[in-house]
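Below: one structure, written as structure tokens.
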Amino acid sequence: MDRGPPQCARCSTGLNCPWPSPIPERGDLSCRMHTCFDVYRCGYNPKNRIKVYIYPLQRFVDDVGVPISSTGLSREYNDLLSAISDSDFYTDDVTRACLFVPSIDVLNQNSLRIRETAQALATLPRWDKGMNHLLFNMLPGGPPDYNTALDVPRDRALLAGGGFSTWTYRQGYDVSIPVYSPLSDEVDLPERQPGPRRYFILSSQTAIHREYRVELERLKEENGEALLLLDKCSNLSQDMASARKRCYKGQMYDYPQILQESSFCVVLRGARLGQATLSDVLQAGCVPVIMADSYILPFSEVLDWKRASVVIPEEKLPEMYMILKSIPPRQVEEMQRQARWFWEAYFRSMRAIGLTTLQIINDRIYPYAACTYEHWNNPPVVKWSSVNSPLFLPLIPPRSPGFTAVVLTYDRVESLFRVITEIAKVPSLAKLLVVWNNQNKSPPEESLWPKIAVPLKVVRTKENKLSNRFFPFDEIETEAVLAIDDDIIMLTSDELQFGYEVWREFPDRLVGYPGRLHLWDHEMGKWKYESEWTNEVSMVLTGAAFYHKYFNYLYTYKMPGDIKNWVDAHMNCEDIAMNFLVANITGKAPIKVTPRKKFKCPECTAIDGLSLDQTHMVERSECINKFASVFGTMPLKVVEHRADPVLYKDDFPEKLKSFPNIGSL
């Protein structure tokens, strides 16, 4: 006989029955922060910190009293909730909350009843289709398919997931987190000094697909003792002790201690993309060799994994040994050091994982107060043989992020395309941003643009202003910016790469090519702009110059007086304004690189560029006097030196020079 749907009244006293609650939608793959997250809940606060509310603990059961989870609240999830409640993110006032964390443990999908868990989520008082709710899951999917995201229907809730693939990860919305390794608490692995290890490559996973193990065994045969291929020990019972042992041909090794004996450690995909082995490898200071196609690495939104790991496509497994051998020993040591620090900062505990997740979300809500690349990726203290120099300042940015080239253009399409093609040859170029300053003409169709190896983005401006070149566009993700005009086709890739390397040494300076000078005219009693060849430099042209993106914010929002409006009205002197701004903030002169003194463009005519106008030079002098008046001082500093490559003038074979093609005057 049909008794109808179960009713909540049939639940035991003190328990929460989720029936007859509706089942949430499976999960909207189109969700982004601006579509599925209500930032107005977060509001403004002086500390720029989101507030997180944790629902009170409840035990959810069905109509006959069976819990929705076979394990209840796991120790790991309890640690996670405790870490949040002890942090500055926490609030017990539900009306102040920006983010809601359920007390329903979904870390391990294997322990859940999918339908009932979804209904339990729907009963939460503030659920509202999952809006502003955060779920933590480390072991998604189940046999036979092992989906890469939690199968529990969750509406619009954010998911901090431990096994995302590119197919299930909602970039900028979800957070990819590590799979926590319980060995982090149980085993103390003291930090080991970076350097060569007993083994070159080590594989310690016990559930590797047969095809991968066959290939690893072949590599072992080819490279002998350089590669250690471990498996589970067949003569041990299946208990916790066996999880701490690995074997090779009858010889037993302690795990994870053995990981510290290798330079590189293989992390292959298993049934799930996310593997706790990654955490063990990082803890050991072993460089992980990650082979899991489409895997979204933990916290990859903020962590630069190129500094701590080697990612190899699964099909390249036969070439793994040769790929790793090509990495210089010094770089391996840096990666070993970085791997260990990643574990200490972000992997070592559920507390670290939880608070890192919240900080990433916090940075999205308050981007103007977000942590920098250096904060996320540079260890807080740099040790030099245990001695810290009081004069040492960690100001040199890492090489890996590269620079973003920002090209200001109006309608010189042919010249623009040549500039793009030339810049694309520079090894450290990370992204190319074209600022289209013509409101009366659309940019060329996408199919007509040069095909380059880095992302190319076109931004259309609302007004034709020179200051648009220094706007802090969201697309600029690197610290370094190369401002370059659409007719600068004469600079070689060596000149540009060398300029970037010099900027890395002096990231608070303007680093450019043609230098200019300001002089005091005693007869006229005012400042004069000088473009002729002299022994001194006080400005560099931003028609091609490197600088830190921070100065974009200062130029756009903190420029003194009416300078920015004056520049836009006169369509001149934005480069002089930037030189004034940087010099005033830093008290330092710009750095001129390479011998080039002019941007010679034999194909350009008088109507092609602003700088060839007859009145141009007169206005440049007026600019200097105008800006000095607004600043109330003359901030520009004069220097008598430039930077050239070390072997630039040496009689040395060109092929041995790092920058052979530096160009001429």
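Keep in mind that this is a model prediction, so the values were computed, not measured. FYI, side chains are in, hydrogens and waters are out, and symmetry mates aren't considered; it's all heavy atoms of this structure.
Taking each heavy atom of Lys220 and Leu227 in turn, the nearest pair found is NZ-O, 2.7 Å. Minimum interatomic distance between Ala284 and Leu259 (heavy atoms only, all atoms of both residues): CB-CB, 3.5 Å. In this structure, Leu278 and Pro288 approach most closely via the heavy-atom pair CD1-CB, 3.7 Å. Summarising the geometry of Leu29 relative to Arg170, their closest heavy-atom pair is O-CG, 3.5 Å, with the distance given to 0.1 Å. Contact between Gly162 and Tyr295 at its shortest, heavy atoms only, is O-OH, 4.2 Å. Contact record, Lys232 with Cys247: O-CB, 4.3 Å, taken as the closest heavy-atom pair.
Contact check for Leu202 versus Ile258: side-chain heavy atoms found under the 4.5 Å cut-off. Inter-residue side-chain proximity for Cys36 and Tyr173 is flagged as met; some heavy-atom pair is nearer than 4.5 Å. When side chains are defined from C-beta on, Val289 does not count as touching Val267, because their heavy atoms never get closer than 4.5 Å. When side chains are defined from C-beta on, Arg246 does not count as touching Met252, because their heavy atoms never get closer than 4.5 Å. Under the 4.5 Å side-chain criterion, counting only non-hydrogen atoms from C-beta, Val332 is in contact with Phe264. Val310 places a side-chain heavy atom less than 4.5 Å from the side chain of Met335. Two residues are said to be in side-chain contact when any heavy atoms from C-beta on lie closer than 4.5 Å; Pro178 and Phe299 meet this criterion. Using a 4.5 Å cut-off on side-chain heavy atoms (C-beta onward), Ile312 and Leu317 make no contact.
Arg351 places no side-chain N or O within 3.5 Å of a backbone atom of Leu80 that could act as its donor or acceptor partner. Distance alone, capped at 3.5 Å, is enough to place a donor-acceptor pair between the Arg340 side chain and the Gln283 backbone. Checked by atom type and distance alone, the side chain of Thr35 never pairs as donor or acceptor with a backbone atom of Cys31 at under 3.5 Å. When atom types are taken as modelled, the side chain of Arg509 and the backbone of Glu505 share no donor-acceptor pair closer than 3.5 angstrom. Between the side chain of Thr492 and the backbone N or O of Glu495 there is at least one donor-acceptor pair closer than 3.5 Å. For Lys316 (side chain) and Met320 (main-chain N/O), no donor-acceptor pair under 3.5 Å exists by modelled atom type. A donor-acceptor pair is defined here as one N or O able to donate and one able to accept, closer than 3.5 Å; no such pair exists between the side chain of Asn362 and the backbone of Leu358. Gln205 contributes a side-chain N or O that, together with a main-chain N or O of Leu268, makes up a donor-acceptor pair within less than 3.5 Å. Panel note: side chain Gln338, backbone Asn377; a donor-acceptor pair is recorded below 3.5 Å. Not a single donor-acceptor pair under 3.5 Å links the side chain of Ser300 to the backbone N or O of Ile296.
The CD atom of Glu76 sits 9.0 Å away from atom CG of Asn108, with the distance rounded to the nearest 0.5 Å. For the atom pair CZ (Arg197) and OG (Ser263), the distance works out to 6.0 Å, reported to the nearest 0.5 Å. Taking NE2 of His34 as the start and CZ of Arg364 as the end, the distance is 12.5 Å to the nearest 0.5 Å. Separation of atoms CG (Leu456) and CG (Leu433) is listed at 8.5 Å; rounding is to 0.5 Å. Note: Ile50 CD1 to Asp88 CG = 11.5 Å, rounded to the nearest 0.5 Å. Atom CD1 of Ile177 is separated from atom CE of Met138 by 4.0 Å, given to the nearest 0.5 angstrom.
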Given side-chain hydrogen bond (donor to acceptor under 3.5 Å, both in side chains), test Glu314 with Tyr212 step by step and report yes or no. CA-CA 9 Å; Glu314 294 172 29; Tyr212 295 145; 2.3 Å; yes
For Arg192 and Glu261, run salt bridge (charged side-chain N to carboxylate O under 4.0 Å, His left out): C-alpha distance rounded to whole Å, both residues' side-chain angles, the deciding distance at 0.1 Å, then the answer. CA-CA 10 Å; Arg192 181 166 173 176; Glu261 299 298 323; 3.2 Å; yes
Verdict with reasoning, Thr148 to Thr168, per side-chain hydrogen bond (donor to acceptor under 3.5 Å, both in side chains): CA-CA 7 Å; Thr148 56; Thr168 55; 2.8 Å; yes
Assess whether side chain to side chain contact (heavy atoms under 4.5 Å, CB included) is satisfied between Val459 and Val434, documenting all intermediate values. CA-CA 6 Å; Val459 177; Val434 175; over 6 Å; no
Please determine whether side-chain hydrogen bond (donor to acceptor under 3.5 Å, both in side chains) holds for the pair Ser74 and Asp105, giving the CA-CA distance in whole Å, both sets of side-chain angles, and the decisive distance to 0.1 Å. CA-CA 7 Å; Ser74 64; Asp105 182 358; 2.6 Å; yes
Could you give me the CA-CA distance, side-chain angles and deciding distance for Phe498 and Leu496, then say whether side chain to side chain contact (heavy atoms under 4.5 Å, CB included) is met? CA-CA 5 Å; Phe498 177 69; Leu496 291 171; over 6 Å; no
For Asn137 and Gln109: C-alpha separation, side-chain torsions, deciding distance, then whether side-chain hydrogen bond (donor to acceptor under 3.5 Å, both in side chains) applies. CA-CA 8 Å; Asn137 168 253; Gln109 183 177 311; 5.3 Å; no
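A salt bridge is defined here as a Lys NZ or Arg NE, NH1 or NH2 lying under 4.0 Å from an Asp or Glu carboxylate O, and Arg218 with Glu215 meets this definition. Of the charged side-chain nitrogens involved, at least one lies within less than 4.0 Å of a carboxylate oxygen, so that Lys431 and Glu477 count as a salt-bridged pair.
With 3.5 Å as the limit, one finds a donor-acceptor pair spanning the side chains of Arg307 and Asn378. For the residue pair Glu301/Ser176, the side-chain donor-acceptor check at 3.5 Å is not satisfied. Between Tyr180 and Asp185, the side chains place a donor N or O and an acceptor N or O closer than 3.5 Å (distance only, hydrogens not considered). In summary, the side chains of Asp28 and Ser30 do present a donor paired with an acceptor at a separation below 3.5 Å, with no hydrogens or angles considered. Defined by atom type and a distance below 3.5 Å, a donor-acceptor pair is present between the side-chain atoms of Glu501 and Gln497. Tyr373 and Asp304 form a side-chain donor-acceptor contact under 3.5 Å, judged by distance and modelled atom types alone. Remark: the Thr404 side chain and the Thr478 side chain contain an N/O donor-acceptor pair separated by less than 3.5 Å. Thr206 and Asp231 form no side-chain donor-acceptor contact under 3.5 Å, judged by distance and modelled atom types alone. For the residue pair Asn48 / Tyr368, a side-chain donor-acceptor distance below 3.5 Å is found, with atom types taken as modelled.
In this structure, Arg49 satisfies the cation-pi test against Phe89, with its NZ or CZ atom closer than 6.0 Å to the six-membered ring centre and inside 45 degrees of the ring normal. Figure legend: Lys245 and Tyr255 shown without cation-pi pairing, the cationic atom not lying both under 6.0 angstrom from the six-membered ring centre and within 45 degrees of its axis.
The aromatic rings of His548 and Trp503 sit tilted relative to each other, their planes meeting at an angle between 30° and 60°. Classified by interplanar angle (parallel below 30°, tilted 30° to 60°, perpendicular above 60°), the ring pair Tyr500/Phe546 is tilted.
Other residues, nucleotides and ligands contribute at most 12 non-hydrogen atoms within 6.0 Å of the CD atom of Gln171. By the neighbour-count criterion of 12 heavy atoms within 6.0 Å, atom OH of Tyr550 is sparsely surrounded, having that number or fewer from other residues, nucleotides or ligands.
For Trp305 and Phe342, the ring centers sit closer than 6.0 Å to each other.
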